[in-house]
Amino acid sequence: MMNDTDTDIALRLAAWWESNARDLPWRFGRATAWGVLVSEVMSQQTQMSRVVPYWTAWMERWPDARALAAAPKAEVITAWGRLGYPRRALRLQECARTVAERYDGELPRTYDELVALPGVGDYTASAVMSFAFGERIAVIDTNIRRVLARAFRGEESLGGSASQVEREMARRLLPESDKVSVVWNQAVMELGATVCMAKAPLCESCPIAGQCAFLRNGRPGLGQRRTRPRQRFQGTDRQVRGLVLEALRGLPSGGTLERARVERLWEDRVQLDACVASLDDDGLVEMLPDGSLRLPE
DNA sequence: ATCCGGGGCA
DNA sequence: TGCCCAGGAT
């Protein structure tokens, strides 16, 4: 149950949302449920500002699950461009194929069915249920975890996956009506993305600064590292995989990359071969007998 | 617990 | 540079 302060915060956030929500193209009922799902998958670990142009082109090209299901993999991988984590592109197409075959092209409307789809985890399933279908469900993402931890517990959220305590708090705070719960989810998430940021929150312009336990406590531990140090990118397999895929995306449709040109992409032959093999395992590239590479059909 | 891209920012 | 980002799969 919500107390008076919780209610006050919910009202303030809803009002703030009304005049501060970013005008993203999949918001405000302008996209199908499938379009919302695509936006959520593209947004996994990727900032919205980078997603927008990709989403717009993608939905124009493949407006629904059936269209994406029928596309050649090579086109899907190429259209994913530099969004990162290209396996998301393949999973999104697998998801489209499942929806096309098993659900007659229409996205299912239950959490359990959604979360069973390829590339759809707890966050994405919840987000689609809330944002696309208007159902009352607690959405938990990194922004919401941070905002709730700060505003209501006065602490920074811990790293790792969401704890049971965090989930229970999110459920407890979720407004009772379907419609209001959707606004709540979006508003809390939006606040985390644009005001209550991880490193340098803009408390001066926060609509709930007066009610925030974190601010009241003097923002303890602000900016302190909450997650394990990230693997550096330079020199990692991720960089090498990215180079290989970038070279393949640059080829004319159906083209292949000669072995000699593959070898020129990275000096460490052992690492290069391991990365090519892992890309092959992932289904992102195909290796021909002569060692040249191409995108899969 | 680790792996998986890439861009943007102080 | 280091860190963060609307996570998911293994």
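A, B, ... follow the sequence lines: proteins, then strands. Residue 1 opens every chain.
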**Prompt:** Reckon Glu190(A) touches a base, only the sugar-phosphate, or nothing at all at heavy-atom distances under 4.0 Å?
**Reply:** base
**Message:** Is it the case that dG7(B) (base atoms only) and Thr46(A) (side chain only) share a donor and an acceptor within less than 3.5 Å, ignoring hydrogens and angles?
**Reply:** no
**Request:** Tell me what Leu83(A) touches on the nucleic acid: a base, only sugar-phosphate, or nothing, going by heavy atoms under 4.0 Å.
**Result:** base
**Prompt:** Mind checking the C1' distance from dC5(C) to dC4(B)? Whole angstroms is fine.
**Reply:** 14 Å
**Rounded distance in Å - CZ (Arg249(A)) to C1' (dG5(B))** = 9 Å
**Prompt:** What interatomic distance, in whole Å, is found between P of dG5(B) and the corresponding atom of dT10(C)?
**Reply:** 15 Å
**SB check Arg167(A) Asp122(A) (cutoff 4.0 Å)** = yes
For nucleotides 8-10 of chain C, tabulate all protein N/O to nucleotide N/O atom pairs closer than 3.5 Å, reporting atom names and distance.
residue, atom, partner, partner atom, Å
dG8(C), OP1, Gly121(A), N, 2.9
dG8(C), OP1, Thr124(A), N, 3.0
dG8(C), OP1, Thr124(A), OG1, 2.6
dG8(C), OP2, Tyr123(A), N, 3.2
dA9(C), OP1, Gly119(A), N, 2.8

**Asked** In what stems does DNA chain B take part, counting only runs of at least 3 consecutive Watson-Crick or G-U pairs whose two distances fall under 3.5 Å?
**Response** B:1-4 with C:7-10, B:6-10 with C:1-5
**Prompt:** Between Asn185(A) (CG) and dA6(C) (P), how many Å, whole number?
**Reply:** 15 Å
**Message:** Less than 6.0 angstrom separating the ring centers of Trp80(A) and Trp58(A), yes or no?
**Reply:** yes
**Request:** Could you tell me whether the side chain of Arg27(A) has a donor or acceptor atom within less than 3.5 Å of a complementary atom in the base of dA6(C)?
**Result:** yes
**Prompt:** Expressed in whole Å, how much space separates the P atoms belonging to dA6(C) and dC9(B)?
**Reply:** 13 Å
Tabulated below should be each protein N or O lying under 3.5 Å from an N or O of nucleotides 8-10 of chain B; please produce it.
none

**Request:** Step through the shown structure and confirm whether more than 12 heavy atoms of other residues, nucleotides or ligands are within 6.0 Å of CG on Asp281(A).
**Result:** yes
**Prompt:** Which class fits the ring pair Trp55(A) and Trp26(A): parallel under 30°, tilted 30 to 60°, perpendicular over 60°?
**Reply:** perpendicular
**Request:** Could you tell me whether the phosphate oxygens of dC4(C), OP1 or OP2, come under 4.0 Å of any side-chain nitrogen or oxygen in Arg146(A)?
**Result:** no
**Prompt:** Across the strands shown, which category fits Arg145(A) at heavy-atom distances under 4.0 angstrom: base, sugar-phosphate, nothing?
**Reply:** nothing
**Request:** Name the nucleic acid region contacted by Leu24(A), choosing base, sugar-phosphate or nothing; use a 4.0 angstrom heavy-atom cut-off, strictly under.
**Result:** base
